[in-house]
Protein chains: 2
Amino acid sequence: MPERKPRKDAARNREAVLAAADALFARRESPEDVTMADVAAAAGVGKGTLFRAFGDRAGLLRALYEARMEPIRQAVEAGPPPLGPATPPRDRVPALLDAVLCFKLDNRRLALALEEGGSGSPYRAEHYERWHGLLRAVLEQVPGLTDSGFTAHALLAATRADLVEHLAGDEHIPREAMRAQLANFVTGVLASSPREG
Amino acid sequence: MPERKPRKDAARNREAVLAAADALFARRESPEDVTMADVAAAAGVGKGTLFRAFGDRAGLLRALYEARMEPIRQAVEAGPPPLGPATPPRDRVPALLDAVLCFKLDNRRLALALEEGGSGSPYRAEHYERWHGLLRAVLEQVPGLTDSGFTAHALLAATRADLVEHLAGDEHIPREAMRAQLANFVTGVLASSPREG
DNA sequence: GTTGAAGCGGACCCAGGGTCCGCATTCTAG
DNA sequence: CTAGAATGCGGACCCTGGGTCCGCTTCAAC
């Protein structure tokens with residue numbers, strides 16, 4: 001096991017950076033005007049340290065994302081219905097998408113930064129693959145529904161960070177209205193396949 | 001009328017740039033490695049000229065986009081069914097989305113560059129607003145369908161350039177399969193509202 | 001305490017978008 | 001045809017921001 005435990009100061013700095021970045025993304029208007037130098041400065045750390053700890057900008061974003069996402073991941077993998085695995089597919093699909101939507105509403109800047117800055121398409125990101133794989137698998141359980149791979153992509157596309165940002169920020173659609181509209185849309189997509197009886 | 005006609009050399013250069021950029025986007029793997037300097041060089045023109053003619057990168061992309069889009073715009077605004085205005089809503093919605101999809105398949109790099117580099121969300125771009133407005137209006141004609149604004153966004157999201165690129169490039173889904181899957185998806189969304197009759 | 005490895009930090013590098021301004025080209029008036 | 005002004009040209013230059021480098025510091029194992 002070549003797993004070396006990190007030095008104390010390294011761990012402390014890592015946390016400081018994470019906290020600072022989190023705060024910065026929350027405060028600043030657009031994610032693209034929170035620069036790596038800003039984060040380093042806010043964390044009271046040199047740029048070198050920052051890049052050593054996270055590799056690059058995308059790495060920092062990913063770390064932040066995973067921290068924020070952890071509770072949802074838990075709820076999806078082993079939690080109670082409607083998110084957990086015991087839920088019947090027709091109920092779980094809307095629940096999953098609602099969870100994604102809520103996450104993006106609660107972490108707008110972060111999600112935005114993650115999806116746009118990610119040096120290449122967001123579709124190659126490991127976290128996207130996970131959501132897509134899961135959603136696809138659940139959709140596959142819905143009788144009569146075809147093209148579950150494509151459908152999963154299309155449904156997830158309706159929760160893209162920049163779209164959510166546009167709806168919330170420019171069109172001023174309130175949170176609950178958005179959730180309702182998404183739920184309605186998802187229901188429609190599912191309803192087109194025959195109900196099981 | 002303060003509309004001054006442009007000088008001959010200016011017009012010629014503008015065309016040269018457009019052609020060069022078009023060619024470059026077609027050849028290069030990713031749109032982000034076709035740089036403004038590249039375009040200028042390929043067109044045999046100085047950077048100053050390029051920026052004078054188009055303002056900035058987004059301006060160039062927009063110009064390119066509009067040129068490529070023109071025939072489709074015509075077909076949609078005044079052409080025959082299934083794209084033209086005489087088409088019944090239930091048939092026109094899939095036709096419109098199919099047109100968008102095909103456009104993005106035929107102009108992958110360009111569409112990609114336009115959607116991601118666009119200094120801010122693609123949702124504020126004037127061309128998106130046009131497509132969304134049109135689609136929304138057509139959806140509004142479909143009896144029983146609610147939230148046409150949101151639905152229009154969600155359907156368009158299924159044709160986002162980076163998704164199309166992912167499906168075509170990474171998942172190797174052939175053109176016709178993709179068109180069929182999108183059509184199927186759209187049909188599902190529309191079918192959830194009661195058929196008129 | 002000593003010592004070598006792990007980590008630190010900020011000066012530095014580089015690419016790429018965008019600007020500037022002296023020079024060239026084109027239009028227009030006489 | 002020519003002169004002058006207006007318009008446009010081009011590439012050197014600037015600036016921002018991500019990412020690297022390396023001499024110095026700090027930690028922790030002995």
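Convention: sequence-line order gives letters A, B, ...; per-chain numbering from 1. Only heavy atoms go into these numbers, but all of them, side chains included; no hydrogens, no water, no symmetry mates.
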Which nucleotide in the list D/dC27, C/dG18, C/dG17 gets nearest to the side chain of A/Asp9? D/dC27
Closest to the B/Lys8 side chain: D/dG19, C/dC27, C/dC8? C/dC27
Nearest-nucleotide comparison on DNA chain C, the residue closer to the 5′ end among B/Gly48 and A/Gly46: A/Gly46
Nearest whole angstrom, please: distance from the P of D/dG19 to the CG of A/Leu61. 11 Å
When you check the gap from the basic side-chain N to the acidic O, do B/Asp106 and B/Arg68 get nearer than 4.0 Å? no
With the side chain of B/Val45 defined as its heavy atoms from C-beta on, choose the nearest nucleotide among C/dG10, C/dG16, D/dG10. D/dG10
Sugar-phosphate only, base, or nothing, as touched by A/Arg7 at under 4.0 Å among non-hydrogen atoms: base
Whole angstrom is fine here: how far is it from CZ in B/Phe54 over to C1' in C/dT19? 18 Å
Whole angstrom is fine here: how far is it from CZ in A/Arg14 over to P in D/dC27? 19 Å
Between C/dC8, C/dG10, D/dG8, which nucleotide has the shortest distance from any of its atoms to the side chain of B/Ala10? D/dG8
Once you round it to whole Å, what is the distance between P of C/dT19 and CG of B/Leu50? 12 Å
Can you see whether A/Gln181 engages B/His153 through a side-chain donor-acceptor pair at a distance of less than 3.5 angstrom? no
D/dG18, C/dG18, C/dC8: which one has an atom nearest the side-chain heavy atoms of A/Arg52? C/dC8
To the side chain of A/Thr49, which of D/dC9, C/dT19, C/dC8 is closest? C/dC8
Separation of B/Phe51 atom CZ from D/dG11 atom P, in whole Å? 14 Å
B/Arg12 CZ - C/dC27 P separation (whole Å): 11 Å
The single option from A/Leu101, A/Ile173, A/Asn184 that satisfies side chain to side chain contact (heavy atoms under 4.5 Å, CB included) with A/Arg179 is A/Leu101
Rounded distance in Å - CD (B/Glu32) to P (D/dG18): 15 Å
Check each of B/Arg160, B/Arg108, B/Glu115 against B/Glu165 using the side chain to side chain contact (heavy atoms under 4.5 Å, CB included) test, and report the only one that passes. B/Arg108
Pairing of A/Glu15 and A/Arg12 as salt bridge, 4.0 angstrom limit: no
Name the nucleic acid region contacted by B/Thr35, choosing base, sugar-phosphate or nothing; use a 4.0 angstrom heavy-atom cut-off, strictly under. sugar-phosphate
Could you state the atom-to-atom distance from CG of A/Asp38 to P of C/dG10 in whole Å? 15 Å
Return no unless some side-chain N or O of A/Asn13 is found under 4.0 Å from OP1 or OP2 of C/dG7. no
